[in-house]
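These notes are about the structure you will find just below.
It should be emphasised that the depicted structure is a prediction, and the values quoted were computed from it without experimental measurement.
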Amino acid sequence: MIEALVRRIEKVETAIEPRFQHHFVEAMAIPHKSAPYTNLRKVVELPAPKESASQSETRGRRPRVPSPRNPTSTPARCAGLMPQRPG
């Protein structure tokens with residue numbers, strides 16, 4: 001029974017859409033970063049949209065900082081969050 005159900009599942013690959021990440025990031029904002037909310041605006045007065053900092057100003061990975069003992073290590077490896085590479 002479960003096998004028959006599993007065989008009916010259709011995988012839809014959303015990440016192949018060229019602007020998928022852009023759409024996803026905008027949807028993660030609460031409220032949605034760029035949706036006009038036309039129907040909601042008919043019922044409720046909405047506040048003006050906030051200007052947000054650019055993604056590059058607010059998000060990013062920590063730079064790789066080699067440790068003196070292991071020049072190829074990353075901060076996560078030094079903190080014990082990632083396994084050490086064999087070698």
Within one Ile-Leu-Val-Met-Phe-Trp-Tyr cluster: Val44 and Tyr37, side-chain cutoff 4.5 Å: yes

Same hydrophobic cluster for Ile16 and Phe24, using side-chain heavy-atom links shorter than 4.5 Å among ILVMFWY? no

So does Glu13 pair up with Lys11, basic N to acidic O under 4.0 Å? yes

Spacing of NE2 belonging to His22 relative to OG belonging to Ser34, to within rounding of 0.5 Å: 6.0 Å

Under 3.5 Å, side-chain donor or acceptor atoms of residues 2-9 against the rest of the protein: list the pairs with distances, not counting sequence neighbours.
none

Using a 4.5 Å cut-off on heavy atoms from C-beta on, say whether the side chain of Gln21 contacts that of His23. no

